[in-house]
Structure formats: structure tokens, C-alpha cells
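Each remark here refers to the structure printed beneath this line.
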Amino acid sequence: MPPPDYYRANLERIIHWVESHYGHLVDAPLLGFVTRLRRLPVHAQRLYVRLLMRRGPWFRVDRLAYPEVGPTAPAVLALCLAGLAELAGAHRTRERLALLRSDELADLLDGQAADGWIREARKNDRLAACEELEPTALASVPEALALLGAEQVLCLQLLFFANDRQDLVDFILADLGILRFEPVSVEPVLPWREASQVRRDLRCLDAADELSAFAAAAALPEWGALARLETALKSPATATRVEVRRNRALLRLARCWLEYGDERRALAVLAHASGAPAREAHCRLLASCGEMEAAERLQAQLMAAPDGDAEVQFAKRFEPDRGRCRPLGRTGPWRSRRLTLVRMDPTERIEQVVMHTLAQGGGQALHVENALIGLIVGLAFWDIVFAPLPGAFVHPFQSAPLDLFEAGFRSRRAEAIDARLCELANGSSGSKQLLDRWQARFGTVNALVPWHRFSAREVQRILEALPAPVLACLCKTALEHPPLLRRGFPDLILLGDAPGHFGFIEVKGPGDVLRPEQRRWLGAMANARLPVHVLEVRWA
DNA sequence: TAACTACATG
DNA sequence: TTCACACACTCCG
DNA sequence: GAGTGTGTGTCTCATGTAGTTAAA
Ligand SMILES: [Mn+2]
Ligand SMILES: [Mn+2]
């Protein structure tokens, strides 16, 4: 058991960190929240943190029991008086009922409902029946508690972690040694200049999450919800990563309006976009709506995109009168081969089928995809990735510098990266050093390195098969365009018996087409005279 | 009773 | 909950 | 082959326990 104040201390650490480093980003609501929390008796604060880490939003008051909190009732009372929690009360019986166990619901219905069907009923049916009961019959239903201030907690988390994926759990996992983070001297400087920008980014993230939840559930939001989401997403975000997600969300939102048949509204949404993939879609939609001059104007704009990649590629090939891009064809410096196979197991992935086929031919093939380039770059550039540049590391639980996948990553570390590329190219750093690093840092959290994807044996085989100059070439390609660190790397690596025997294969099934980043990798490898080809598989 | 799921825990 | 990927489908030249 | 939508897999930490459901 951790010390009594452990969980509360973690939250206090976040708060203290935020107010001492980001005081200029703390607005009145956040300050008010922090003040109210700190004025609370310690035992009530401890209860708040405990519940913060639980699922919620409603909790049965009669089931709250924590040794470090002590008596529950005074803590609950204090939370409610401070406006940090609320009781469900006499209304919202639905929320209270939903927290009961199935057999407790049955007890409530005992004698009320027509004979035995309750005994057979499932929980949801019992719950529905209970909701029809008279209020007097519900007097004994336990009170329920819900926390308030979730918005402020999210704000604190975003400020501390500079993302919305990490939370208090990271403190615990780090303390337990389950997650081991690279020790880096941090310099807490965030992209936001004022609190209003933080709030706007929070609203963007919230809206983006809501839209992806709808997409995951294959549901279409109500008209009113779409309007609300549009408001949250219409102005640009401050943090680059938030802006990326905002642009994705805008495209989702536009497609929702198209579902409703409202092209004008979809166009209006896309007009708020600042980058891929929404602006390309905007261009297509303008063209398909017959707004040619606008489409061409936007196309010209995309041509000069600072991003330099997806949007520019699109703009070069887009044909407004057709409303789509002109085909790339199979043009490229790489080779293609064909192979016909019989599909024994339709659930088996095509890469696996090819892998096994190649294994029968004697060689070994591994399904690596993007994991491999991450592994290589992560190991070869470990110290450079974790170099404490200004604004790169802002808290002790980072798996990478904040700008790792951004365009400027390389230029900000140009000298060190070029030097390391030279060491790789001339062999003074190579497989040996990478394997040493694998041993020395095994398990340390690194956004690039999937420690459990390959066995030590596989890593050794891979690294020994790839000559140092090849490693350098692959790293150079990826670092010149950071999205290639996680997109488009070929499916398979072939390993021969002798060192230096290797090859890369991109497997394509019928109807699967090369994506831009895959073309980029194939082109780079082929131009560097590395053995690489596309394998077009047909089913017999 | 047992498989299965959800979740709180550290 | 994210993200990249394969795949199924439509539409087009 | 381009575009769109959909499903899947994925390093989400591992483990014990409570709760639900359906079968014995
Ligand atoms: Mn692939
Ligand atoms: Mn493939």
C-alpha cells in the first residue's frame, strides 16, 4: 500500500508544476478550482483524487471506503459544499438506480411487479421496471455522488503533459517501475501564450474526440450537435498537434453535413481548415459543386503549402474539371513482381501468407512495416532524440520530444543528426552500437521503439543483415520527412544467411493501391540501389 | 457453477 | 482512444 | 486507379475481484 497521501500528492504535484511554470496560462476558473480544492480538508482532497481516477461519473456513496480518507460522510459533505462534487438527490433517481446491483434492483421490485418474470429478467429490464416505481418506493436507494470540475482537471492535465492522453496513472506506473522514462532535463515551455488559447485547444480536442466517437460507433450526430461541434472547431488551434487533429475532425464534420445533403454547410466547415486532409477535400468538393474558380484558387494555395508534402502532391495532380487527381500509375524507379497464391485461410493477413511462402523457399521474412524504421532510428539516434532542446521536454514522463514527428525536427538538430548519419555511413557506428543500445535501454519508453514487437534474436538478425551505410540511408530518408517514421515503410524484410543479404517487399493484394508514403519509401530505396520491390499477389 | 466482462488497484 | 493499414465498394477513363 | 467508408490490429500495465449472464 502506498503512503496515505500518495494519490493526493500526485495531483498536487501537477497543480504546483502548472502554477509555478505556467502561471500565465491559469485563468480564473482554473484558479478558482485549485483554490477550492486546496481549502478542502486533506481527507476530502484524497477522496476527490480517488474518484478522479475512477470511471464514474456517478458513484454510490454507501460503497465509498478508503483507509486514507477515513469517514466518508464528512469528506462527501465537504466536497459538495466546496462545489467540487454533487449528490444525485431526489431527482435523478435514474442515475442512482443505475448504480445498483441486479439483485438489489430485484429486491426493490419484490411484491410490486406481477409475479415471477423479474426473476428471469436481465439487469436492464429490471432497471427499466424500477424507473417506473413510485418515488416512495425508492427512498432506500443509495445516494450517488458525481465530481465537478472535470473541465479544470483536463486543463491541468493538458498543461502538465502537453497532451490529452496521459494522466495521473503515469505517475503511478512510473513509480512502480512499470514504465521507465528516459531521464531528461526538462524546460517547461509550452506553445500557448495565454489561457484563452489553451481553452480553445481544449474545446477542439473535446470536439475532435466526440466526432471520432461518433465515427467509431458508425453514428450520425444530430443537426444541433454538428452546429455545436462546428463552433468548437472553426478557429485555428495553437498547438501543432491539436491543429492536426482539428483538421481531421473538420473533414469528419464536413462528411456529416454531406450525409445530411447540405453541401453548403460542408463547404463552410472545410473553409476553416488549415491543412491536410481537410483542405484537399475542400478542393474536391468545391470542384464537384461547380465552383471552379474557388477550387483553382485553393489549389494554387495548396501548391505553396509550407507543409511541403501531402497537400503539395495533391495540388500538383489535381484536375479541377474532373474533380479528382490524375492517376500516378505505376510510375516509379522500383520493380514489381507478380505472384499467384491459393488462399487457405481467408482470415490470415496477406503479408503473413506471403511471409510463409517465402519461408518455404529457404529465406526468412519478417512482417515489419513501420515498426522497423522506428526501431532503427530510435536506437541509432537515441541520444539525439532525447537531447534537451528548448521546449522539447516539458515534464518527466515523455516518450519523445514534443516535435518528433514535426517537419522541423531535423533542422533543429541538423548538426547532431548529420554527424550521426556520417558515423553510420562510415561504419564507426553500426549494428554493434545499435544492439548495445537495445540491451542497455531495453524497455525504456520511446515513441519510436516497439520493444516487444521483435524478439532479441530477430533484432539481432535484422541489424546484422543491414550494412551500416544502408542503416544510414534509411535513417536519412525517414528524418528528412518525419511522417515516414510511422508511415509507408514496406511490409516485409527478407533476411539471407550471410550478413549484407536482405531485401524489402511491399505486398499488394488485388485492389490495394500504393499510398503516397509507400511510394516515397519505395522510391528512396530504389534510388539508393537497395533491393526492394512490390509484390502483386493474385488469388488463384 | 462457471465463463465472461468490467474495473479498481498499485 | 489513436493511428496506420487492408479491403470492399463506387465511379471513372 | 481515385475516392470513400469500414473493420482490424495495436506496446495502451498486469492482476485480482466483483458483477452479470447463461448454463448445469
Ligand atoms: Mn503494410
Ligand atoms: Mn502492403
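Chain naming here is simple, since letters A, B, ... match the order of the sequence lines and numbering starts at 1 in each. As a basis for the values below, the full set of heavy atoms in this structure was taken, side chains included, without hydrogen atoms, waters or symmetry mates. Every value quoted in this text rests on a predicted model; they were computed, and no experiment measured them.
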Partners of A/His272 by ring pair (Phe, Tyr, Trp, His ring centres under 6.0 Å), sequence neighbours excluded? none
What does [X] touch in the nucleic acid at a heavy-atom separation under 4.0 angstrom: a base, only the sugar-phosphate, or nothing?
X	value
A/Gln518	sugar-phosphate
A/Arg50	sugar-phosphate
A/Tyr6	nothing
A/Val449	base
A/Pro2	sugar-phosphate
A/Glu369	sugar-phosphate

According to side chain to side chain donor-acceptor pair (under 3.5 Å), who are the partners of [X], at least two apart in sequence or on a separate chain?
X	result
A/Gln518	A/Lys508
A/Gln460	A/Glu464
A/Asp321	none

Please measure how far the P atom in C/dA6 lies from the corresponding atom in D/dC11, and state the result in whole Å. 16 Å
How far does the P atom of D/dT6 sit from the matching atom of B/dC7, given to the nearest Å? 27 Å
Nearest-Å distance for atom pair [atom1]/[atom2], residues [X] and [N]:
X	N	atom1	atom2	value
A/Asp164	C/dC3	CG	P	9 Å
A/Glu210	C/dT2	CD	P	12 Å
A/Arg165	D/dT10	CZ	P	18 Å
A/Phe405	C/dC3	CZ	P	11 Å
A/Phe397	D/dC13	CZ	C1'	15 Å
A/Arg317	D/dA2	CZ	C1'	8 Å
A/Asn370	D/dT10	CG	P	14 Å
A/Glu319	D/dG3	CD	P	10 Å

Only one of A/Val459, A/Ile462, A/Leu474, A/Leu492 passes side-chain contact (heavy atoms from CB on, under 4.5 Å) with A/Leu372, and that residue is A/Ile462
If we check side-chain contact (heavy atoms from CB on, under 4.5 Å) with A/Leu448, which of these qualifies: A/Ile373, A/Leu404, A/Asn370, A/Leu375? A/Leu404
Taking everything shown except A/Arg94 itself, do over 12 heavy atoms lie less than 6.0 Å from its CZ? no
Suppose the criterion is salt bridge (charged side-chain N to carboxylate O under 4.0 Å, His left out): which pairs have a residue in residues 439-458 of chain A, not counting sequence neighbours? A/Glu182-A/Arg441
If you look only at pairs with a residue in residues 49-61 of chain A, which of them pass as a salt bridge (charged side-chain N to carboxylate O under 4.0 Å, His left out), with sequence neighbours excluded? A/Arg50-A/Glu68, A/Arg60-A/Asp62, A/Arg60-A/Glu104
Do the charged groups of [X] and [Y] touch, with an N to O distance under 4.0 Å?
X	Y	answer
A/Arg515	A/Glu517	no
A/Arg8	A/Asp5	yes
A/Asp164	A/Arg245	yes
A/Glu311	A/Arg279	yes
A/Arg228	A/Glu210	yes

OP1 or OP2 of [N] less than 4.0 angstrom from a side-chain nitrogen or oxygen of [X], does that happen here?
X	N	result
A/Lys508	C/dA6	yes
A/Arg284	D/dG3	yes
A/Arg326	D/dG1	no

Could you say whether A/Arg487 or A/Arg343 is positioned toward the 5' end of DNA chain C, judged by the nucleotide with the nearest heavy atom to each? A/Arg487
Between A/Tyr260 and A/Trp223, does a ring pair (Phe, Tyr, Trp, His ring centres under 6.0 Å) hold up when you go through it step by step? CA-CA 9 Å; A/Tyr260 280 116; A/Trp223 192 94; 8.4 Å; no
Could you check which residues of residues 166-176 of chain A get a heavy atom under 4.0 Å from DNA chain B? Sort them by number, please. A/Ile172, A/Leu176
CA sep, side-chain torsions, deciding dist, call: A/Phe489, A/Phe504, ring pair (Phe, Tyr, Trp, His ring centres under 6.0 Å): CA-CA 9 Å; A/Phe489 198 85; A/Phe504 295 103; 5.5 Å; yes
Is there a Watson-Crick or G-U wobble partner for D/dT10 with both distances under 3.5 Å, and which nucleotide is it? none
Chain A reaches DNA chain B, atoms under 4.0 Å from its heavy atoms, from B/dC7 to B/dG10
Is there any ring-ring contact (aromatic ring centres under 6.0 Å, His included) pair reaching into residues 312-349 of chain A, and which pairs are they, with sequence neighbours excluded? A/Phe314-A/Phe318
What parts of residues 242-263 of chain A reach DNA chain C, counting only heavy atoms under 4.0 Å away? A/Arg245, A/Arg248
Begin from the C-alpha positions of A/Phe381 and A/Phe386 and carry the test ring pair (Phe, Tyr, Trp, His ring centres under 6.0 Å) through to its verdict. CA-CA 9 Å; A/Phe381 292 79; A/Phe386 286 109; over 10 Å; no
Taking protein heavy atoms under 4.0 Å as touching, what does nucleotides 17-24 of chain D look like 5' to 3' if B marks base contact, S marks sugar-phosphate-only contact and - marks none? --SSSS--
Return the polar atom pairs (N/O with N/O) between nucleotides 11-13 of chain C and the protein under 3.5 Å, or none.
none

